[in-house]
Chemist: 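Provided herewith is a single structure, encoded as structure tokens, for subsequent inquiry.
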Amino acid sequence: MLITNRPDADVGTLRARLDGAVYGPADAGWDQARRAWNLAVDQRPAAVAFPVTDADVVAAVEFAAERGLRIAPQGTGHGAAALAPDLEGAILLSTARMRGVRIDPRARRARVRAGAQWGDVSLPASAYGLAPLAGSSADVGVVGYTLGGGLSWLARKHGLACNSIVSLEVATAGRGLVKVDAEHERDLFWALRGGGGSFGVVTAMELELYAVDDLYAGAMLWPWERAGEIFDAYRAWAQTVPDEVTSLCRLLQAPDLPDVPAPLRGRRFVVFEAAVSGHEPYRRDIVEPMRAFGPELDMFAVMPPAGLVEIHGDPKHPVPAMGNGRLLSNVGDAALDALLEAAGPGSGSPFVSVELRQLGGALARRDPSHGALASLDADYSLFAAGVVTGAEAAMAIDGALAELLDTMAPWDAGTGYLNFVEAPDHPRRFFDAETYAILKGIKGTVDPGGVFLSNHPV
Ligand SMILES: Cc1cc2nc3c(=O)[nH]c(=O)nc-3n(C[C@H](O)[C@H](O)[C@H](O)COP(=O)(O)OP(=O)(O)OC[C@H]3O[C@@H](n4cnc5c(N)ncnc54)[C@H](O)[C@@H]3O)c2cc1C
């Protein structure tokens with residue numbers, strides 16, 4: 001029985017079972033309730049629930065299972081583009097009203113509730129000289145990011161964020177709330193560390209924090225006409241740096257909008273960004289070879305770990321965006337030439353940003369203690385995104401994304417990174433064949449009725 005067939009009656013029943021709010025298509029506030037962070041995504045679920053307690057989450061899951069509906073957990077909707085097409089007959093379960101973080105500085109751990117965002121963790125942890133393996137943006141959801149892998153500014157030193165999960169609390173199909181860690185529900189613990197959101201609703205998560213002295217981090221910018229020279233220099237430099245350095249190089253066409261910093265507004269740049277841990281003078285010296293190219297703007301500074309959520313300059317509020325990515329290997333001159341021809345000066349590129357993020361270091365090292373995403377077996381992550389200002393822009397970005405990914409196909413690493421694929425894609429692309437088969441088996445065991453609907457569902 002689909003909730004959409006009898007919206008008022010069914011939404012009313014669900015509402016009566018939850019302390020949190022529930023919206024159906026006929027309710028005032030529906031459009032606001034179904035809105036994702038990514039405003040380009042038109043989410044049309046059967047209902048939206050905003051649980052406020054773990055019991056609410058369990059009740060919503062039970063309700064969905066009873067009615068033959070699906071549950072699509074969502075923290076912020078940063079990753080909504082891959083999910084939206086499947087939402088018919090699903091309850092969108094927004095954890096936005098379940099924020100809350102506890103930092104234990106002695107144990108160097110953070111316990112976050114389902115709706116916590118990275119800024120909620122990074123800022124208080126930083127006061128103790130600790131850092132989580134946070135994303136580049138303060139308002140990305142901790143849980144969604146971490147279940148999908150998690151590439152942070154400390155990634156080459158400490159690996160994927162998913163492998164820093166200590167424990168989880170998960171609302172399951174049919175078994176209520178379960179504790180998941182290295183001793184309990186071991187299959188689920190493995191699957192949730194990189195396998196995505198297909199296995200249950202995470203209501204809380206405990207994560208390792210890392211002791212970091214102040215970092216040397218920031219960005220250098222040159223006019224984008226120098227893109228060829230700077231990308232070449234970046235690739236050569238990146239091959240020499242130790243795991244204490246996580247960095248990227250990108251093309252930036254900054255929108256002419258009031259919330260873009262004045263020196264960047266409406267201008268085009270080639271940008272180098274890095275975070276360096278370790279001691280002076282080593283950490284300053286390490287970016288000198290890039291500085292030698294005389295950046296127009298140099299925003300590197302010594303900063304506490306909390307500063308890391310600022311250096312990429314991600315938007316601080318929801319935006320309509322379209323993006324997509326590919327993992328690359330064997331990136332040499334021909335690959336850089338192809339990238340710049342497709343998206344650099346003279347290409348007519350509609351992208352706000354096209355980045356090459358260096359992988360390797362701890363990201364490439366597998367350990368038996370790791371979860372389903374044990375490593376990222378590629379040299380660089382390519383990610384391109386544009387802002388959708390209307391139908392014409394959407395078509396241009398869509399076409400340019402397809403062309404860019406196609407152009408870079410000769411350097412495809414043979415695997416993908418779930419968090420940076422913002423279009424429906426087969427999850428088999430994100431795992432090797434054996435890992436995918438095990439994930440499918442675990443999904444069949446823990447969710448035989450297929451209640452949970454994730455972006456990139458296993
Ligand atoms: C501006 C921006 C910056 C980004 N920066 C980075 C970065 O630096 N590094 C990086 O690796 N990625 C980055 N990403 C990608 C990001 O990690 C993914 O979009 C991720 O899915 C976001 O998680 P979310 O919870 O905010 O998104 P949501 O869209 O809310 O969730 C995405 C998916 O996560 C799962 N999920 C969420 N909450 C739960 C839950 N409680 N229980 C079970 N499953 C759940 C669901 O499957 C859901 O479909 C960035 C994205 C954007 C738009």
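As the structure lists them, so they are numbered: ligands from 1, and atoms in each ligand from 1.
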Chemist: Looking at every non-hydrogen atom in both residues, tell me the closest pair between G325 and V421 and how far apart they are.
Modeler: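 In terms of heavy atoms, the two residues are closest at O-CG2, 4.1 Å.
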
Chemist: Is F420 in contact with ligand 1, taking contact as a heavy-atom separation below 4.0 Å?
Modeler: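 Under 4.0 Å: yes for F420.
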
Chemist: Can you tell me which residue and heavy atom of the protein come closest to atom 18 (C) of ligand 1, and the distance to 0.1 Å?
Modeler: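 Protein heavy atom with the smallest distance to atom 18 (C) of ligand 1: N419 O, 3.9 Å.
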
Chemist: Does ligand 1 have an atom under 4.0 Å from some heavy atom of G150?
Modeler: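 Yes.
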
Chemist: Which ligand 1 atoms does G144 reach within 4.0 Å, using its non-hydrogen atoms?
Modeler: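 Atoms satisfying the 4.0 Å criterion: 23 (O), 25 (O), 34 (O), 36 (N), 37 (C).
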
Chemist: Are F431 and H456 an aromatic pair, judged by ring center distance below 6.0 Å?
Modeler: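 They do not qualify: ring centres at least 6.0 Å apart.
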
Chemist: Quick one: nearest non-hydrogen protein atom to atom 29 (O) of ligand 1, plus distance?
Modeler: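 Ranking protein heavy atoms by distance from atom 29 (O) of ligand 1, first comes G79 N, 2.8 Å.
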
Chemist: Should you measure from each heavy atom of G197, which atoms of ligand 1 turn up under 4.0 Å away?
Modeler: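 Selected atoms, number and element: 44 (N), 47 (O).
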
Chemist: If we set the cut-off at 4.0 Å for heavy atoms, which region of N455 has an atom near ligand 1: side chain, backbone, both, or neither?
Modeler: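 Under 4.0 Å from ligand 1, N455 contributes backbone and side-chain atoms.
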
Chemist: Under 4.0 Å, heavy atoms only, figure out whether ligand 1 is touched by the backbone of R357, its side chain, both or neither.
Modeler: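 Only the side chain of R357 comes within reach of ligand 1.
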
Chemist: Provide, to 0.1 Å, the distance between atom 41 (N) of ligand 1 and the closest protein heavy atom, together with that atom's residue and name.
Modeler: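 Residue, atom and distance for the closest contact: V202 O, 2.9 Å.
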
Chemist: Which residue owns the protein heavy atom closest to atom 40 (C) of ligand 1, what's the atom, and how far is it?
Modeler: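 The protein heavy atom lying closest is V143 CG1, 3.6 Å.
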
Chemist: Examine the proximity of ligand 1 to L147 and report which part, side chain or backbone, both or neither, has a heavy atom under 4.0 Å away.
Modeler: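 For L147, the contact with ligand 1 is made by the side chain alone.
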
Chemist: Could you tell me whether ligand 1 has any atom less than 4.0 Å away from a heavy atom of W37?
Modeler: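 It does, in that a heavy atom of W37 comes within the 4.0 Å cut-off of ligand 1.
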
Chemist: Starting from atom 52 (C) of ligand 1, what is the nearest protein heavy atom, named by residue and atom, and what distance separates them?
Modeler: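 Result: H78 CD2, 3.5 Å.
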
Chemist: Return yes when atom CZ of R366 has more than 12 non-hydrogen atoms of other residues, nucleotides or ligands closer than 6.0 Å, and no otherwise.
Modeler: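 Count over threshold, so yes.
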
Chemist: For L356, does its backbone N or O pair with a side-chain atom of R250 as donor and acceptor, under 3.5 Å?
Modeler: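 Pair absent, no side-chain N/O of R250 close to backbone of L356.
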
Chemist: Roughly how far, to the nearest 0.5 Å, is OG1 of T246 from NZ of K157?
Modeler: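 With rounding to 0.5 Å, NZ (K157) is 10.0 Å from OG1 (T246).
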
Chemist: Quick one: list whatever passes side-chain contact (heavy atoms from CB on, under 4.5 Å) with D256, sequence neighbours left out.
Modeler: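 side-chain contact (heavy atoms from CB on, under 4.5 Å) check on D256 returns R265.
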
Chemist: At their closest point, which heavy atom of L373 faces which heavy atom of G194, and how far apart are they?
Modeler: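 For L373 versus G194, the nearest heavy atoms are CB-CA, 3.7 Å.
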
Chemist: Tell me every residue that passes ring-ring contact (aromatic ring centres under 6.0 Å, His included) with F383, counting only those two or more places apart in sequence or in another chain.
Modeler: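 ring-ring contact (aromatic ring centres under 6.0 Å, His included) list for F383, sorted by chain: F420.
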
Chemist: With a 6.0 Å cut-off on the ring centroids, do F452 and F199 count as close?
Modeler: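 No, the ring of F452 stays outside the 6.0 Å limit from the ring of F199, centre to centre.
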
Chemist: Using a 4.0 Å heavy-atom cut-off, which part of D314 comes near ligand 1: side chain, backbone, both, or neither?
Modeler: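 Side chain only; the backbone of D314 stays clear of ligand 1.
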
Chemist: Check if G148 has a non-hydrogen atom at a distance under 4.0 Å from any atom of ligand 1.
Modeler: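 Contact absent.
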
Chemist: Please work out which of G200, P51, A138, A80 has its closest non-hydrogen atom nearest to atom 43 (C) of ligand 1.
Modeler: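 Considering heavy atoms of G200, P51, A138, A80, the nearest to atom 43 (C) of ligand 1 sits in G200.
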
Chemist: Are any side-chain N or O atoms of T203 and backbone N or O atoms of E169, one a donor and one an acceptor, separated by less than 3.5 Å?
Modeler: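 Looks like yes, one N/O pair under 3.5 Å.
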
Chemist: Relative to each other, are the rings of H158 and Y210 parallel, tilted or perpendicular (30° and 60° limits)?
Modeler: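 Parallel.
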
Chemist: Report yes if the distance between the aromatic ring centroids of W237 and F272 is under 6.0 Å, otherwise no.
Modeler: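 Aromatic pair counts; centres sit under 6.0 Å.
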
Chemist: Distance to 0.1 Å, residue and atom name: give those for the protein heavy atom nearest to atom 4 (C) of ligand 1.
Modeler: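 Looking only at protein heavy atoms, the one closest to atom 4 (C) of ligand 1 is V140 CG2, 3.8 Å.
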
Chemist: Let me confirm one number: the OG-CZ distance from S369 to F189, rounded to the nearest 0.5 Å.
Modeler: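 S369 OG to F189 CZ: 8.5 Å, rounded to 0.5 Å.
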
Chemist: What atoms of ligand 1 come closer than 4.0 angstrom to any heavy atom of T76?
Modeler: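 Once the distances to T76 are compared, the set is 24 (P), 26 (O), 27 (O), 30 (O).
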
Chemist: With respect to G141, determine whether any N or O atom, backbone or side chain, lies less than 3.5 Å from an N or O atom of ligand 1.
Modeler: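 In this structure, G141 places an N or O atom under 3.5 Å from an N or O of ligand 1.
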
Chemist: Give me the nearest non-hydrogen protein atom to atom 28 (P) of ligand 1 as residue plus atom name, then the distance to 0.1 Å.
Modeler: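 Nearest neighbour among protein heavy atoms for atom 28 (P) of ligand 1, to 0.1 Å: G77 N, 3.5 Å.
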
Chemist: List the closest protein heavy-atom neighbour of atom 11 (O) of ligand 1: residue, atom name, distance to the nearest 0.1 Å.
Modeler: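 Closest protein heavy atom to atom 11 (O) of ligand 1: Y417 OH, 2.5 Å.
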
Chemist: Within ligand 1, which atoms have a heavy atom of Q74 less than 4.0 Å away?
Modeler: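 That gives atoms 30 (O) of ligand 1.
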
